[in-house]
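Computed from a predicted model, the values in this text were never measured in an experiment. When a ligand or atom number is given, it counts from 1 through the structure's own listing order.
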Amino acid sequence: MADAQTRRRVETLRVEIEAHRYRYYVLSDPSVTDAEFDVLLRELQELEAQHPELDHPDSPTHKVGAPPAGAFGEVRHRQPMLSLDNAFSFDELKRWAERNERMLEGARIRYTCELKIDGVAISVTYVNGRFEQAVTRGDGRTGENVTNNVRTIANVPDYLAVEDPPALLEARGEVFFPVAEFEQMNQDREDAGEARFANPRNAASGALRQKDPQKTAKRPLRLICHGAGAVQGLDARTHGAFLEWLGRAELPVAEQTRTFDALDEIRDFIEYWRAHRHDPIYELDGVVVKIDDVGMQRRLGNTSHGPRWAIAFKYPPEEQQTKLIDIFVNVGRTGKVTPFASFEPVLVAGSTLQLATLHNEDQARMKDVRPGDTIIVRKAGDVIPEVVGPVLPLRPEEVEKAGPWQFPKTCPFCGSPIERLEGEAASFCTNIDCPNRLLESLAHFASRGAMDIEGLGYETAKLLRDTGLVDNLADIYRLTAAGLLALEGFAERKVEMLLSGIEASKQQPLERLLIALNIRMIGGTVARIIARHFGTMDAIRAATVEDVANISGVGPTRAAALRSFLDNPSSQGLLDDLASLGLRMDTETTRVGDGLAGWTVVVTGNLEGFTRDEAKQAIEDRGGKATGSVSKKTSVVVVGADPGTAKITKAEELGVAMTDESGFVRLLESGTLS
Ligand code: IVH
């Protein structure tokens, strides 16, 4: 028998879970992440399993979704739209498979594996081949009628493309907002000073619930079907065959679906998509494993929550909640002031995060996260961690009363005024000698991609600044052994190493020096183009803004930023000093001809004989253009080991030529692919 404490816990969990369901399904404004919800549900399931006397048909563990919000007409599903049980480890998946084997008495089971699309569940009905109705899941029994909105979705056909359509077909699937378009939309909203959408799923859900279908039509929503509801006049023996039929009828199905015999193959599929989670055009949060044989599915049947013949293997979430401790600002190497959030450490998609940028004053104001708030942080793939926003229902009263966080008016490092130029999003510390700016610019100057000074990392830069040995970049070349030996922790060998690193850096070519000088908007690629074009620092200093702006790949904004740096008397003094201290002021000509003039080359994956930079350089040295994304303009995609599947799919779609590393070498040597 369960003790009183367990009973209370079960009750608390039920109340809490129902409240979360209401916020998620009815208000479209969840206050916990999916992962946190899963943890609560799992705890309740386990308690009910240990104490069957506490289980109850009304428990949220037996429910799917929540009743429809009521803005649209309600429709009762012909067959309930169920949910799925989750597995969070391979062991759990194995136990599920073993149970299937026991229940099916050792029959040979084949499994279909699909990506678990993080979208909005939908049921689309075709009567005699004609699109009739689309309904959201709602509470699984009754959903919202979103027919007119779903009708506007580009890949939802009006008619099934088969000669003899079934009398009734209810296809189940997910409506999603493609990630690239979602990011573009958020960027546009940000540029227009509007708040960003939290994630593609919320954006899809919002677009589906527009009262005016024309508004839905403006959103790039897509559907992918993954199952069946009520069907009359169509008999598929396996799930795979059913999906194939859907594809023939021109209903959209996922191209990544595969069928396997062995658990090891399923594990490989799961691991492959864990590593390639961001390749598909939609967000995915796991893999759904389904028994392929429809007869076996029927024998296993459903629980009130979901089918016994399918399970969702969930990947770790990319969004988590945490507590915002404070917001600080940093002053970077160009003087730019960037606000950032400092929060309690939290594990997101495999990395522990505790800091995330808030970009600039407008972004910080729009997100309106305040110290003491519970916030959602997100890290998707290689994307830098970001603060999605506050969880408003959890905002403490005193935090609400305190009002929004204020962007500082003075620099926290030197007290000088912070200035924001008209029409620009960024703010700057007005003091060119700001100690933090000096530290950041020293560290960047010495870094790998810039002057590459061995022995001069961030900590040494800090020490040199704090002891006053270095007050500006040129002082690096005035350091002496005697001065350095007086520093704590600097013995003879370390001093020798640093001085020889400094000496060697004097030979870095002009492009490296340009990168190192901390000029706004002048990064590696542009620095290389400018250095190659002019050849010497004197020629750059003598050039007009137009001269620079007219170079392909540079443009007026960067040209103006360069000119403003060169016109500044303190930069002029610095450049004169660096020249008289013996730094090289011209470029290495690596140009080896025009064999690739007119070629645009994309390299994806790892090459054995080239780093990414070397491959880029080799292309540019021959007059070609190296870019990062495949488009109609791409001449060839060079495919190395472990390539990006999105790039390959795009190249296939557009009919762009592809080659391997040896083809790339031939291309460099001969200027042709044959
Ligand atoms: S099969 C009887 N397959 O995930 C339920 N569901 O968390 C069969 N989902 O309710 C569902 N991708 O809305 C299935 N490839 C996929 C899926 C998928 C996403 C959604 C679906 C389901 C939810 C469960």
Side-chain angles (χ1 to χ4, degrees), residues 17 20-21 24-25 30 33-35 37-39 41-42 45 60-66 77-88 96 111-124 134-141 143-144 146 150 170-177 199-201 204-205 208 222-231 238-240 242-243 246-247 251-259 266 269-270 273 277 280-292 294 296-298 300-315 317:
I17 289 170
H20 290 320
R21 272 189 200 284
Y24 183 99
Y25 290 107
T33 63
D34 289 3
F37 180 83
D38 284 344
V39 169
L41 194 68
R42 170 65 60 115
Q45 277 167 341
T61 53
H62 304 298
K63 284 190 196 158
V64 175
H77 296 296
R78 289 183 176 87
Q79 268 186 22
M81 273 180 90
L82 299 177
S83 187
L84 288 170
D85 277 336
N86 295 324
F88 295 96
W96 171 77
Y111 291 100
T112 299
C113 292
E114 294 169 7
L115 300 187
K116 186 169 182 320
I117 303 161
D118 198 3
V120 180
I122 203 95
S123 173
V124 284
V135 184
T136 63
R137 181 166 61 185
D139 62 2
R141 297 189 179 284
E144 279 172 316
V146 286
V150 170
E170 228 182 279
R172 303 267 165 93
E174 303 297 303
V175 168
F176 62 92
F177 203 118
N199 57 44
R201 188 186 54 202
S205 171
L208 262 188
R222 288 281 175 283
L223 169 74
I224 286 193
C225 299
H226 52 58
V231 179
T238 64
H239 179 63
F242 175 70
L243 292 179
L246 291 183
L251 274 167
V253 286
E255 60 197 72
Q256 298 88 352
T257 303
R258 299 284 180 275
T259 303
I266 298 177
F269 184 89
I270 289 171
W273 285 108
R277 183 168 174 172
I281 60 167
Y282 43 78
E283 292 214 313
L284 54 111
D285 57 352
V287 162
V288 183
V289 185
K290 301 174 179 174
I291 291 187
D292 194 40
V294 173
M296 291 184 187
Q297 290 183 0
R298 290 205 183 107
L300 288 173
N302 305 325
T303 66
S304 56
H305 178 251
R308 289 197 188 85
W309 46 266
I311 195 161
F313 185 98
K314 295 285 265 302
Y315 293 136

### Query
Under 3.5 Å, is there a donor-acceptor pair linking the side chains of Thr61 and Gln45?
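Their side chains do not contain a donor-acceptor pair, so the 3.5 Å distance test is not met.
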#### Entry: Side-chain donor-acceptor pair present, Thr112, Asp292, cut-off under 3.5 Å
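Result is yes, a qualifying pair exists.
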### Task
For ligand 1, would you mind listing the residues that have at least one heavy atom less than 4.0 Å away, ordered by chain and number?
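Residues Leu82, Ser83, Leu84, Glu114, Leu115, Lys116, Ile117, Ala121, Arg137, Glu174, His226, Val288, Lys290, Pro307 each place a heavy atom under 4.0 Å from ligand 1, listed by chain and number.
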### Message
Salt bridge or not between Glu170 and Arg78? Use side-chain N to carboxylate O under 4.0 Å.
### Response
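Salt bridge flag = yes for Arg78 with Glu170.
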### Task
Considering only NZ, NE, NH1 and NH2 on the basic side and carboxylate oxygens on the acidic side, decide whether Lys116 and Glu114 come within less than 4.0 Å.
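Looking at Lys116 and Glu114, the cut-off is not met.
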### Message
For Glu174, give me all partners under side chain to side chain donor-acceptor pair (under 3.5 Å), at least two apart in sequence or on another chain.
### Response
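Testing Glu174 for side chain to side chain donor-acceptor pair (under 3.5 Å), a comparison that skips the adjacent residues, returns His226.
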### Message
Once rounded to the nearest 0.5 Å, what's the spacing between atom CG of Leu115 and atom CD of Gln256?
### Response
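So the CG of Leu115 and the CD of Gln256 are separated by 4.5 Å.
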